[in-house]
There are 2 protein chains.
Amino acid sequence: MADEIEWNVLMRTCPSRTSLAEIANKWTAMIVVVLGAGPLRFTQVRTRVDGISAKVLAETLRRLERDGIVTRRSYDEMPPRVEYELTTLGHSLAEPLEALRRWAEGNIVQVLEAREAYDLRPTSGGGRDLA
Amino acid sequence: MADEIEWNVLMRTCPSRTSLAEIANKWTAMIVVVLGAGPLRFTQVRTRVDGISAKVLAETLRRLERDGIVTRRSYDEMPPRVEYELTTLGHSLAEPLEALRRWAEGNIVQVLEAREAYDLRPTSGGGRDLA
DNA sequence: GTAACCTGTTACCTCAACGTAACCAGGTGG
DNA sequence: CCACCTGGTTACGTTGAGGTAACAGGTTAC
């Protein structure tokens with residue numbers, strides 16, 4: 001058993017923490033989620049992920065490609081055509097990220113209500129002691 | 001059916017996107033994960049989440065409290081004691097975040113290998129066209 | 001000729017995130 | 001009297017993420 005290394009995201013120096021920092025990110029989450037439905041071209045991703053800039057999209061896609069999460073397939077046509085697709089590894093990541101997306105959409109009402117209650121409470125800013 | 005609003009994180013202006021941006025975050029993920037095992041005091045969280053500063057921890061915990069994800073329970077003792085605990089909503093968030101943590105730790109070897117392969121390939125930086 | 005198409009790249013700038021260090025209350029132990 | 005405990009807060013400085021805008025490049029349509 002050579003690969004018995006203990007990876008732990010809670011450790012400052014563990015490479016898995018750097019990895020977590022990259023995938024626990026809104027742009028990564030949205031890009032991987034839209035690619036979960038199948039391969040897309042650059043502009044198609046850009047259209048689906050509303051508000052992302054070409055710069056951030058290109059950077060994020062290159063990072064994901066480097067990490068083995070997406071593949072980049074470029075066709076030598078004019079105008080250019082490039083397709084991005086999740087790898088097997090990428091699809092395994094799409095599952096928890098899709099769950100996160102569902103959580104955000106499914107619980108936003110509760111979150112908004114909680115915020116309202118928090119902001120309205122008279123003790124806001126102090127005095128929330130017990131006993 | 002009064003609550004048939006369509007929430008969509010892919011829309012720039014949707015509140016659920018702001019929520020996604022807050023939970024798809026390394027500090028949030030780690031804090032929620034460690035609180036998933038049960039309530040903890042401020043210093044206990046700080047010890048478990050290696051490398052987090054008191055400032056960032058306090059800010060993140062207050063944001064999570066405001067969003068209804070954690071509760072803050074302060075005991076009027078000396079020295080002070082404050083316990084943070086996941087709400088039911090928080091526990092439902094802990095599941096996908098724990099999955100993300102497991103992904104990061106379980107696939108870091110593959111990610112590191114992919115990076116190495118990407119960085120070593122002769123075509124690095126261009127010429128990766130097909131057809 | 002020139003405008004549009006697509007996938008970027010680059011330069012420049014801004015702002016939020018984060019780290020560090022000092023400091024606070026207020027009671028206990030030496 | 002002084003230091004120490006916890007759970008922060010505040011001020012200050014740095015870093016990096018991200019926004020904007022201009023441009024490249026080659027072929028097709030006007």
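Each chain gets a letter, A, B and so on, in the order its sequence line appears, and its residues count up from 1. These numbers were taken from a predicted model, which means no experiment stands behind them.
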inquiry  = Near DNA chain D, counting only heavy atoms under 4.0 Å, which residues of residues 22-32 of chain B show up?
reply    = none
message = Under the rule for salt bridge (Lys or Arg N to Asp or Glu O under 4.0 Å), what residues qualify as partners of A/Arg48, not counting sequence neighbours?
response = none
task = Ignoring backbone atoms, test whether B/Arg12 places a side-chain nitrogen or oxygen under 4.0 Å from the OP1 or OP2 oxygen of D/dG19.
result = no
ask   = In terms of the nearest nucleotide of DNA chain C, which residue is placed more toward the 5' end: A/Ala58 or A/Pro79?
value = A/Pro79
inquiry  = For DNA chain D, which residues of residues 41-48 of chain B approach it to below 4.0 angstrom with any heavy atom?
reply    = B/Arg41, B/Phe42, B/Thr43
key: Pairs where residues 87-97 of chain B contributes a residue and the test side-chain hydrogen bond (donor to acceptor under 3.5 Å, both in side chains) is met, not counting sequence neighbours   = A/Trp103-B/Ser92
query = Does A/Glu113 have any salt bridge (Lys or Arg N to Asp or Glu O under 4.0 Å) partners at least two apart in sequence or in another chain, and if so, which?
reply = none
key: Protein-nucleotide distance (B/Asp76, atom CG; D/dG7, atom P), rounded to Å   = 13 Å
d(CG, B/Leu40; P, D/dT6) in whole Å = 15 Å
Please list, one pair per line, the donor and acceptor atoms closer than 3.5 Å that link side chains of residues 50-59 of chain A to other protein atoms, with sequence neighbours excluded.
unit_1, atom_1, unit_2, atom_2, d
A/Asp50, OD1, B/Arg12, NH2, 3.3
A/Asp50, OD2, B/Arg12, N, 2.9
A/Ser53, OG, A/Val56, N, 3.2

query = Below 4.0 angstrom from OP1 or OP2 of C/dG19, is there any side-chain N or O of B/Ser53?
reply = yes
key: Interatomic distance where NZ belongs to A/Lys55 and P belongs to D/dG16 [whole Å]   = 13 Å
inquiry  = Could you tell me how far apart A/Glu77 (CD) and C/dA4 (C1') are, to the nearest whole angstrom?
reply    = 17 Å
message = In this structure, how many angstroms lie between the P atom of C/dG8 and the CZ atom of A/Arg62, rounded?
response = 8 Å
